[in-house]
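In what follows, every chain begins at residue 1, and chains take the letters A, B, ... in the order their sequences are listed.
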Amino acid sequence: MKNFIEELRQRGMIQDHTPEVEQQLNSQMTVGYIGFDPTAASLHIGNLATIMLLVHFQRCGHKPIALIGGATGMIGDPSGKSSERNLLSYETILHNQARIRKQLEHFLDFDCGANSAEIVNNYDWMKNFSFLEFLRDVGKHLTVNYMLAKDSVQKRLESGISYTEFSYQLLQAYDFYYLYTNKNVKLQMGGSDQWGNITSGIELIRRISGKTAYALTTPLVTKSDGTKFGKSESGNVWLDAEMTSPYQFYQFWLNVSDEDTHKLIRVFTLFSIEEIQSLEQQHAQAPHQRILQKAIAEQVTERVHGKAELQKAKTASEILFGKGVTDALKSLDEKTFLQALEGVPQTHISASEFYNCHNLAELLCTATRNEIFPSKSEVRKMVQNGGISINKQKVESTEIKPTAFDLIHNRYLLVQKGKKNYHLVVVKD
RNA sequence: GGGGAGAUACCAAAGCGGCCAACUGGGACGGACUGUAAAUCCGUUGACGUAUGUCUUCGAAGGUUCGAAUCCUUCUCUCCCCA
């Protein structure tokens, strides 16, 4: 059995843990869990950091359980939230939890003997738990004084917190107790914002049964400039290919700054520390080759989207950002071209619409139903700043007629907004 | 309860009768440089647009004026001080 704590320590993935965790983990195969509330239709790369905890946990020989918060998701975790949120509808939660379950199944091994992973849903044991029973069996064991002391609650005392959100920690505490009793789960892990909720669970277990449970949290990943990690300009980076295409996903990792790579490669990849150090050395010698970024982007994209999608994302990136200019684009056969650009947003337009455009502004705005640009002014401003290229060639004026451009394969126009945003216009016959 | 200060675009913050679509800083976006990095420099940043044009903005509603973000009235909210 590998030393899990030591592994995490080397990777800088430990924020905090209760005493004796290491002893417990080294003495026997331990069952540990992390919860994921179905607050969105997909997990995002912030969640990926905690998923990696489970991955390492299993690789070290322990048994990981991923908990889907079908019940807790209905309540809303106040941790890290400065104000009360709206409740999600039942349909949304059902839909979300089904999709999140699918995603989680991706990352762990469910068929490896004793430490096979499991997925559970706290809705299963909460749905028939009556309010009265809950108050008598669970609520009685923790004092409001204790619950009030939690950071997540303290921060909300000024602005207000509903009884519902206040109860969240009790629900999560009960999850831990339930899993402790029914699945022999001794350890709960999570992001550092979960520390308060996790320790409430430990406290509940101790009060009811006198037994000891353990906690371990990982630091929330931040960027070197202090801003939140995991947001691209278009918002969250999701694990769902429909919400963030594998190409966009790959690009996100490829674009991280040199400074951030050291932290990221440790948290999000499974390279050994020796491998990481060697990569870092290579990177330092030839920083322009972006060795670290590539290593991270490749491994993470492959883990999330699979080898085939990674390959496509790489091909697309090479075409769009490689040395090859217009000619290279045209030399690709149509199938390869389309496959490569699968992750690039596309807009379809009929031939007549296309040829009826008087100028570029019209084409990129009204004719494409504002999918590329919201208004002609935006197009003009962008062109004035030199921010638009068509088929990799910079556009000088908005007055160019669309017919002046060569359609690739008589059908496609590759529109580039700025340096990194591509859009494919498909002209239908 | 008494007294005082304030509310301006994504945020912060100037403006206090016309030269204000509104200084400046941050953010965001674009460009140059580079390595699809960082730093730096330049540009854009109410909307529509190209006619140096129109429309809508300065807490809300009214009013004074040829003309108001700027003056007056009422209202709403925020902050500070004294009780």
Do [X] side-chain and [N] base share a donor-acceptor contact under 3.5 Å?
{"X": "Gln293(A)", "N": "U36(B)", "result": "no"}
{"X": "Lys381(A)", "N": "U50(B)", "result": "no"}
{"X": "Asn385(A)", "N": "U44(B)", "result": "no"}

Rounding to the closest angstrom, what is the interatomic distance between [N] and [M] at atom [atom1]?
{"N": "G27(B)", "M": "A13(B)", "atom1": "C1'", "answer": "14 Å"}
{"N": "U8(B)", "M": "G35(B)", "atom1": "C1'", "answer": "43 Å"}
{"N": "U65(B)", "M": "A14(B)", "atom1": "C1'", "answer": "26 Å"}
{"N": "U44(B)", "M": "A22(B)", "atom1": "P", "answer": "12 Å"}
{"N": "G46(B)", "M": "U57(B)", "atom1": "C1'", "answer": "7 Å"}
{"N": "C16(B)", "M": "C71(B)", "atom1": "C1'", "answer": "10 Å"}
{"N": "A39(B)", "M": "A28(B)", "atom1": "P", "answer": "10 Å"}
{"N": "G62(B)", "M": "U70(B)", "atom1": "P", "answer": "14 Å"}

Heavy atoms of Ile14(A) and Leu8(A) approach each other most closely as CG1-CB, 3.6 Å
Close residues, residues 360-371 of chain A, relative to RNA chain B [heavy-atom separation under 4.0 Å]: none
Partner residues of [X] under the side-chain contact (heavy atoms from CB on, under 4.5 Å) criterion, sequence neighbours left out:
{"X": "His95(A)", "answer": "Ala41(A), Arg99(A)"}
{"X": "Gln299(A)", "answer": "Thr269(A), Leu270(A), Phe271(A), Arg303(A)"}
{"X": "Asn370(A)", "answer": "Cys365(A)"}

Please tell me which of Tyr250(A) and Asn359(A) maps to the more 5' nucleotide of RNA chain B, matching each residue to the nucleotide holding its nearest heavy atom. Tyr250(A)
Toward the 5' end of RNA chain B, which comes first, Pro374(A) or Gln289(A), by nearest nucleotide? Gln289(A)
Please check if the distance between the ring centroids of Phe249(A) and Trp238(A) is under 6.0 Å. no
Determine, step by step, whether Asp77(A) and Gln169(A) satisfy the side chain to side chain donor-acceptor pair (under 3.5 Å) criterion, reporting the C-alpha distance in whole Å, the side-chain angles of both residues, the deciding distance to 0.1 Å, and the verdict. CA-CA 8 Å; Asp77(A) 185 359; Gln169(A) 61 169 299; over 6 Å; no
Contact class for Lys294(A) (heavy atom, under 4.0 Å): base, sugar-phosphate, or nothing? nothing
Which residues pass the salt bridge (Lys or Arg N to Asp or Glu O under 4.0 Å) test with Glu334(A), not counting sequence neighbours? Arg411(A)
Stem list, RNA chain B (Watson-Crick or G-U pairing under 3.5 Å, at least 3 consecutive pairs): B:1-7 with B:76-82, B:10-12 with B:24-26, B:27-32 with B:40-45, B:46-48 with B:53-55, B:59-63 with B:71-75
Do Lys314(A) and Tyr247(A) get their side chains close enough for a donor-acceptor pair, meaning under 3.5 Å? no
